[in-house]
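Read through the structure below, which is laid out as structure tokens, and then see the notes.
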Amino acid sequence: MRTFRGGLTIGLAVAALVAAAAITYERYDTRTLKRTVRRGDVLCGVNKGLPGFSIPDDKGNWTGFDVDFCRAVASAIFDDPTKAKFVPLDASERFKELQNRKVDILSRNSTWSMSRETNYDLYFPAVAYYDGQGFMIPRSRNIDSALDLNGSKVCVQANTTTQLNLADYFRANNMKYTEMKFDKLDDVVKAYDSGQCDTLTSDASQLYALRLNLSKPSDHTILADIISKEPLAPVVRLRDDDWMMIVKWTLYAMINAEELGITSKNIDEALKSRKPEVMRLVGTEGAYGEDLGLTKDWAVRIIRHVGNYGEVYDRNVGADSKLKIPRGMNQLWNAGGVQYAPPIR
């Protein structure tokens, strides 16, 4: 009897350990880099179709700011930007699908907030795009300030920080509004374009993109008011430090490259530089790439295939794009903005 009881006790203890290990693996995945290398590509969760950030053409070729960041990560690992594979996700499913390991990284105009890190066991490595919530209205309303939106009928995407910020702003300013909420962004835009509401609220960058898809884009204006902080960042799973470091330093390499004047066009010249900061970035001095589990030329791969931060910004959302969004806060810290990367040293 004692032998049976002892065996039962041991069996129950082993079962409890196995269950605990399964729960830990479900919540914390520490093998993304190994699995990505073994698979041979990076699975990126992106917006289903947001001009300037992530959108496919009729042949399935993806372009955009968030898309290029995923390609930068793939370039750092594989020296091949085509190793980035894109998985379109709705706002309502993006964090759960990252938790469930359907994707390796979210690069999907997602706002970094405390509750998203704590409630979903996720990590936002660094801010890729500093944004803020704004309003788009028909020009015919003749309004030039968000403080004049009292009584508006506002279209907003449900279950987002946008919806929460909207409520906070109108309550703080003692204004009333009618909320028209929709689960899918496409439905939000359709409702606004069809006149079901007279105001559309979203991140300002998103408003510039969404305006392109309206039936008469020139009939609509985006107010200058910004009512929130919306730091948009890539997202990874918590407790996956090796992967988090690669994602974070991919962005920082692109920002440092712009600061140092290194572009996709002059990267070969940069490899000959004797300036210590440049040498550390391009890998001709130090072992910074190896410390990430990558190669010495990890940053060179990124810049050659994708470009520095400024190149990616300009061609997708800035001066060289249809959106032509001013850099504003996304300028480098030494050019009047707040984009700032720790040094590679």
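- Side-chain contact between Trp298 and Ile246 is absent, with no heavy atoms from C-beta onward closer than 4.5 Å.
- Residues Lys184 and Asp186 are not paired through a salt bridge, judged by the lack of any N-O separation under 4.0 Å between the basic side chain and the carboxylate.
- We find the OH-CZ distance between Tyr120 and Phe95 to be 6.5 Å, quoted to the nearest 0.5 Å.
- Taking a 6.0 Å sphere around CD of Glu179, one finds it holds more than 12 heavy atoms contributed by other residues, nucleotides or ligands.
- Surrounding CG of Asp183 are at most 12 heavy atoms belonging to other residues, nucleotides or ligands under 6.0 Å away.
- Separating the OH atom in Tyr192 from the OG1 atom in Thr199 is a distance of 7.0 Å, to the nearest 0.5 Å.
- Side-chain contact between Trp62 and Pro88 is present, with at least one heavy-atom pair separated by less than 4.5 Å.
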**OP:** Tell me, with the steps shown, if Ser110 and Arg94 meet side-chain hydrogen bond (donor to acceptor under 3.5 Å, both in side chains).
**Re:** CA-CA 9 Å; Ser110 298; Arg94 54 186 162 170; 3.0 Å; yes

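- Taking the six-membered ring for Trp and thresholds of 30 and 60 degrees, Tyr123 and Trp112 have ring planes inclined between 30 and 60 degrees apart.
- Between atom CZ of residue Arg171 and atom CG of residue Leu166 there is a gap of 11.0 Å, rounded to the nearest 0.5 Å.
- Hydrophobic clustering of Ile, Leu, Val, Met, Phe, Trp and Tyr side chains at less than 4.5 Å, counting indirect connections, unites Leu251 with Leu232.
- With respect to Asp68 and Arg71, a salt bridge is recorded, a charged nitrogen being found less than 4.0 Å from a carboxylate O.
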Subject >> Worked check of side-chain hydrogen bond (donor to acceptor under 3.5 Å, both in side chains) between Thr32 and Asp240 >> reply: CA-CA 7 Å; Thr32 303; Asp240 197 353; 2.4 Å; yes

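- In this pair, Phe135 and Phe170 present their aromatic rings perpendicular. The plane angle is above 60°, beyond the 30 to 60° band.
- Ion pairing of Arg141 with Asp148 is absent here, as no side-chain N (NZ or NE/NH1/NH2) approaches a carboxylate O to less than 4.0 Å.
- Using a cutoff of 4.0 Å between basic side-chain nitrogens and carboxylate oxygens, Glu258 and Arg327 are scored as salt-bridged.
- With Asn173 contributing its side chain and Met175 its backbone, the two residues share no donor-acceptor pair below 3.5 Å.
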**OP:** Begin with the C-alpha distance, continue with both residues' side-chain angles, and end with the deciding distance and a verdict on side-chain contact (heavy atoms from CB on, under 4.5 Å) for Asp41 and Thr36.
**Re:** CA-CA 6 Å; Asp41 52 38; Thr36 297; 6.0 Å; no

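- Residues Asn159 and Ser92 have side chains not in contact (no heavy-atom distance under 4.5 Å, counting atoms from C-beta outward).
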Subject >> Worked check of salt bridge (charged side-chain N to carboxylate O under 4.0 Å, His left out) between Arg304 and Asp297 >> reply: CA-CA 10 Å; Arg304 175 172 284 124; Asp297 66 342; 5.9 Å; no

Original post:
Can Phe182 and Gln196 be said to form a side-chain contact (heavy atoms from CB on, under 4.5 Å), step by step?
Top reply: CA-CA 12 Å; Phe182 302 87; Gln196 293 181 47; 4.2 Å; yes

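- No donor-acceptor distance shorter than 3.5 angstrom exists from the side chain of Asn316 to the backbone of Pro51, with no hydrogens or angles considered.
- Taking the six-membered ring for Trp and thresholds of 30 and 60 degrees, Phe53 and Tyr129 have ring planes more than 60 degrees apart, a perpendicular arrangement.
- Contact check for Cys197 versus Val154: no side-chain heavy atoms found under the 4.5 Å cut-off.
- Residue Ile55 is not grouped with residue Leu214 when hydrophobic side chains (ILVMFWY) are merged at heavy-atom distances under 4.5 angstrom, including chains of intermediate members.
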Original post:
Between Phe124 and Glu117, is a side-chain contact (heavy atoms from CB on, under 4.5 Å) present by the stated rule, with each step listed?
Top reply: CA-CA 7 Å; Phe124 294 70; Glu117 286 195 326; 3.5 Å; yes

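- Counting heavy atoms from C-beta outward, Val188 and Val156 have side chains that stay 4.5 Å or more apart.
- Here the OG-OH distance, from Ser205 to Tyr130, works out to 14.5 Å after rounding to the nearest 0.5 Å.
- The hydrophobic clustering, which links ILVMFWY residues whose side-chain heavy atoms are closer than 4.5 Å, places Leu294 and Val42 together.
- Atom NZ of Lys48 has more than 12 neighbouring heavy atoms from other residues, nucleotides or ligands inside a 6.0 Å radius.
- His305 and Asp80 are not linked by any side-chain donor-acceptor pair at a separation below 3.5 angstrom, with hydrogens and angles left out of the test.
- Counting heavy atoms from C-beta outward, Thr63 and Asp57 have side chains that stay 4.5 Å or more apart.
- No side-chain donor-acceptor contact under 3.5 Å links Ser202 and Gln157.
- The existence of a salt bridge linking Lys96 and Glu93 is excluded, since no basic side-chain nitrogen approaches an acidic carboxylate oxygen closer than 4.0 Å.
- Atom-to-atom distance recorded for Leu147:CG and Asn174:CG is 11.0 Å, nearest 0.5 angstrom.
- With salt bridges taken as basic N to acidic carboxylate O contacts below 4.0 Å, none links Asp121 and Arg237.
- For the pair Lys102 (side chain) and Gln99 (backbone), a donor-acceptor distance under 3.5 Å is absent.
- By the 4.0 Å N-to-carboxylate-O rule, Asp193 lies too far from Lys190 to be salt-bridged with it.
- Side-chain polar atoms of Glu311 and Ser264 form a donor-acceptor pair below 3.5 angstrom.
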Subject >> Evaluation steps, side-chain hydrogen bond (donor to acceptor under 3.5 Å, both in side chains), between Asn165 and Glu230 >> reply: CA-CA 10 Å; Asn165 293 335; Glu230 303 295 334; 2.6 Å; yes

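- Expressed to the nearest 0.5 Å, how far OG1 of Thr161 lies from NZ of Lys229 amounts to 12.5 Å.
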